[in-house]
Enquirer: 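Below you will find the structure I want to go over with you.
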2 protein chains.
Amino acid sequence: MTNRPYHHGDLRVALLARAEETLRERGASALSLRELAREVGVSPAAPSRHFKSKQALLDALALTGFERLAEAIAASQEGAGEAFADRLDAAARAYVGFAVANAALLDLMFSVKHSPQASEALGATAHRWSDQLLELIGDGQRRGEVREGPLERIALPVVAALHGYAGLTVSGVLPPEVAEYGLDDLIASILRGCAPQ
Amino acid sequence: MTNRPYHHGDLRVALLARAEETLRERGASALSLRELAREVGVSPAAPSRHFKSKQALLDALALTGFERLAEAIAASQEGAGEAFADRLDAAARAYVGFAVANAALLDLMFSVKHSPQASEALGATAHRWSDQLLELIGDGQRRGEVREGPLERIALPVVAALHGYAGLTVSGVLPPEVAEYGLDDLIASILRGCAPQ
DNA sequence: ACCTGAACACCGTTCAAGT
DNA sequence: ACCTGAACACCGTTCAAGT
């Protein structure tokens with residue numbers, strides 16, 4: 001009858017899982033290391049073996065967020081057509097969809113406060129996401145459906161528009177109905193912005 | 001010799017001023033109501049007369065942020081030319097300039113967690129800012145320099161692009177050097193996106 | 001009306017000690 | 001290696017009481 005074994009087994013992932021649930025249901029401000037420990041059935045000091053600070057846990061959370069975002073975008077490309085417009089459309093919907101479904105997490109991912117040494121690993125993972133968009137746009141250039149020029153310079157306005165739209169919906173500036181049809185306009189506008197010539 | 005008079009005089013604005021300083025210098029996570037009270041020379045319970053909770057103070061801070069952002073954009077239009085491209089350029093630089101100079105504050109302004117009843121007044125003030133951009137774009141339409149169509153639908157991609165670019169620079173995704181020259185590309189892209197036809 | 005003092009129920013983090 | 005127990009220095013918030 002060892003209801004609570006001394007070794008948890010996988011405390012790290014249990015904490016992360018519980019943290020993400022709380023983040024989704026009650027927001028980042030409701031995240032408490034002590035409460036997490038309680039819910040997972042462990043002493044208040046236990047989490048410190050796996051996360052040297054609360055911020056470290058938040059960083060880890062943000063990192064998994066970037067990984068899942070990258071997966072979502074990659075998945076969106078599977079079913080998409082070959083034309084640049086189709087691929088961009090799919091990626092944009094995947095990004096905004098992720099943002100709506102993980103508002104608090106997205107807020108965390110792009111918040112200003114990341115511990116200096118964590119933002120190294122975090123920055124690397126974050127760039128995997130922007131690399132996907134760069135590749136998407138590079139493809140478009142090769143197909144002659146995107147204007148010529150340095151890839152990063154063409155891509156930046158595209159990324160900014162997507163990121164901004166996601167941010168506006170997540171922060172509630174855009175009423176949910178607008179967020180729906182507005183995306184069509186956004187994609188059309190982006191396409192005009194990076195069309196050839 | 002009343003070094004610390006019983007009535008502070010203007011505790012509310014003193015707290016807000018100190019809070020903004022701390023926000024700028026040490027970030028939102030370093031904001032403590034008790035510390036603020038200490039620094040301003042008042043008891044820990046004193047702030048509660050002026051802000052019914054810590055979140056209420058954060059909301060007030062966000063509100064002043066939106067007011068100053070609106071002022072900055074309005075000021076940018078004073079010296080700008082009449083052409084839509086000039087006005088957009090000025091507004092964009094004002095917005096991104098504000099974002100860079102007030103990174104933590106911008107994070108706060110567009111964060112997900114605003115108390116339900118504060119987001120009413122806050123939403124109103126926030127809309128003053130987007131109204132400025134709507135007016136800017138409406139002018140462009142009347143001059144024949146912006147494509148025709150429902151104002152909100154034309155404006156949304158413009159706002160998204162500006163907001164996203166500001167967010168990317170603030171969260172450190174864009175290296176500071178890129179943030180500089182990247183803005184030119186962004187503005188050019190926005191102009192193509194909302195050009196006539 | 002505005003503030004103090006003291007209390008309450010929490011935090012994050014550290015560190016000896018246990019298994 | 002992983003966790004507990006207890007402690008430390010903080011929090012935000014409330015409420016009677018003072019001016």
Side-chain angles (χ1 to χ4, degrees), chain A residues 1-23 25-62 104 108 111 113-118, chain B residues 1-23 25-62 104 108 111 113-118:
Chain A
M1 275 205 270
T2 56
N3 263 346
R4 196 210 282 188
Y6 194 83
H7 286 74
H8 181 281
D10 224 342
L11 184 51
R12 198 192 133 91
V13 321
L15 287 169
L16 281 176
R18 198 74 196 75
E20 199 176 321
E21 208 166 324
T22 309
L23 187 64
E25 287 166 6
R26 293 157 55 213
S29 64
L31 267 184
S32 146
L33 230 39
R34 281 184 105 106
E35 190 181 33
L36 245 36
R38 240 179 280 130
E39 291 170 332
V40 157
V42 102
S43 92
S48 77
R49 290 288 138 177
H50 304 273
F51 304 100
K52 73 175 226 305
S53 71
K54 184 184 181 182
Q55 186 58 52
L57 184 142
L58 296 181
D59 290 343
L61 227 41
L108 199 70
S111 79
K113 43 177 177 204
H114 289 297
S115 54
Q117 92 271 30
Chain B
M1 279 206 265
T2 56
N3 262 348
R4 194 213 282 189
Y6 194 82
H7 286 74
H8 181 280
D10 224 341
L11 184 51
R12 198 193 132 91
V13 322
L15 286 170
L16 281 176
R18 199 72 196 75
E20 199 175 323
E21 209 166 323
T22 309
L23 188 64
E25 288 167 3
R26 293 158 54 212
S29 63
L31 267 184
S32 145
L33 230 39
R34 281 183 105 106
E35 190 180 35
L36 246 36
R38 240 178 279 130
E39 290 170 333
V40 157
V42 100
S43 91
S48 77
R49 290 288 137 177
H50 303 273
F51 304 100
K52 76 175 222 307
S53 71
K54 184 184 181 181
Q55 186 57 52
L57 184 142
L58 295 181
D59 290 342
L61 226 39
L108 200 72
S111 79
K113 45 180 178 201
H114 289 297
S115 54
Q117 93 272 29

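Note that the structure is predicted; figures quoted are calculated from it, not measured. Below, chain A is the first sequence line, B the second, and so on; all start at residue 1. These values consider heavy atoms only, across backbone and side chains, with no hydrogens, waters or symmetry-generated copies.
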Enquirer: If pairing requires Watson-Crick or G-U wobble contacts with both distances under 3.5 Å, which nucleotide is the partner of C/dT19?
Expert: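 Partner of C/dT19: D/dA1.
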Enquirer: Of the candidate nucleotides D/dT13, D/dC15, C/dC11, which contains the atom at the shortest distance from the side chain of B/Ala45?
Expert: D/dC15
Enquirer: I'd like to know if B/Arg34 reaches the base of D/dT13 with its side chain such that a donor and an acceptor end up less than 3.5 angstrom apart.
Expert: yes
Enquirer: Quick one: is D/dA1 close enough that its OP1 or OP2 comes under 4.0 Å of any side-chain N or O from A/His50?
Expert: no
Enquirer: Check the distance between C/dA9's P and B/Lys54's NZ and give it to me in whole angstrom.
Expert: 21 Å
Enquirer: CG of B/Leu31 versus C1' of D/dG12: gap in Å, rounded?
Expert: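 To the nearest whole Å, that distance equals 13 Å.
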Enquirer: Could you state the atom-to-atom distance from CZ of B/Arg49 to P of D/dG12 in whole Å?
Expert: 18 Å
Enquirer: Stepwise, does the side chain to side chain contact (heavy atoms under 4.5 Å, CB included) test hold for A/Arg18 with A/Thr22?
Expert: CA-CA 6 Å; A/Arg18 198 74 196 75; A/Thr22 309; 3.7 Å; yes
Enquirer: Choosing from C/dC2, D/dT13, C/dT14, which nucleotide comes nearest the side chain of A/Ser48?
Expert: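 The closest nucleotide is C/dT14.
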Enquirer: Could you check whether A/Arg38 gets within reach of a base, just the sugar-phosphate, or nothing at all, counting any heavy atom under 4.0 Å?
Expert: sugar-phosphate
Enquirer: Nearest to the side chain of B/Ala46, which nucleotide is it out of D/dT14, C/dT4, D/dG5?
Expert: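 Nearest listed nucleotide: C/dT4.
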Enquirer: Atom CG in B/Leu15, atom NE2 in B/His50: separation rounded to 0.5 Å?
Expert: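 Rounded to the nearest 0.5 Å, the CG-NE2 separation comes out at 7.0 Å.
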Enquirer: Report the residue from A/Leu61, A/Asp59, A/Leu57, A/Leu58 that forms a side-chain contact (heavy atoms from CB on, under 4.5 Å) with A/Phe51.
Expert: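 Only one of A/Leu61, A/Asp59, A/Leu57, A/Leu58 forms a side-chain contact (heavy atoms from CB on, under 4.5 Å) with A/Phe51, namely A/Leu57.
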Enquirer: Over all heavy atoms of both residues, which pair between B/Pro47 and B/Ser43 is shortest? Give the atoms and the distance, please.
Expert: CD-O, 3.5 Å
Enquirer: For A/Leu15 and D/dC3, what is the distance between atoms CG and C1' respectively, to the nearest whole Å?
Expert: 12 Å
Enquirer: Which nucleotide sits closest to the side chain of B/Ser43: C/dT4, C/dG12, D/dC2?
Expert: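 Nearest nucleotide to the side chain: C/dT4.
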Enquirer: Atom NZ of B/Lys52 and atom P of D/dT13: how far apart are they, to the nearest Å?
Expert: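 So the two atoms are 9 Å apart, to the nearest Å.
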Enquirer: Among the candidates D/dT4, C/dT13, D/dT14, find the nucleotide nearest to the side-chain atoms of A/Val42.
Expert: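 The answer is D/dT4.
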Enquirer: Rounded to whole Å, how long is the line connecting atom CG of A/Leu36 with atom P of C/dC11?
Expert: 11 Å
Enquirer: In the strands shown, is C/dT14 matched to any nucleotide by a Watson-Crick or G-U wobble pair with both distances under 3.5 Å, and which?
Expert: D/dA6
Enquirer: Looking at A/Ser53 and A/Leu33, what are the two nearest heavy atoms and their distance?
Expert: C-CD2, 4.4 Å
Enquirer: Just the rounded figure in Å: distance from P of C/dG12 to CG of A/Leu57.
Expert: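 Those two atoms, CG and P, are 10 Å apart.
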Enquirer: Return the value, rounded to whole Å, for the distance between atom CZ of A/Phe51 and atom P of D/dC2.
Expert: 13 Å
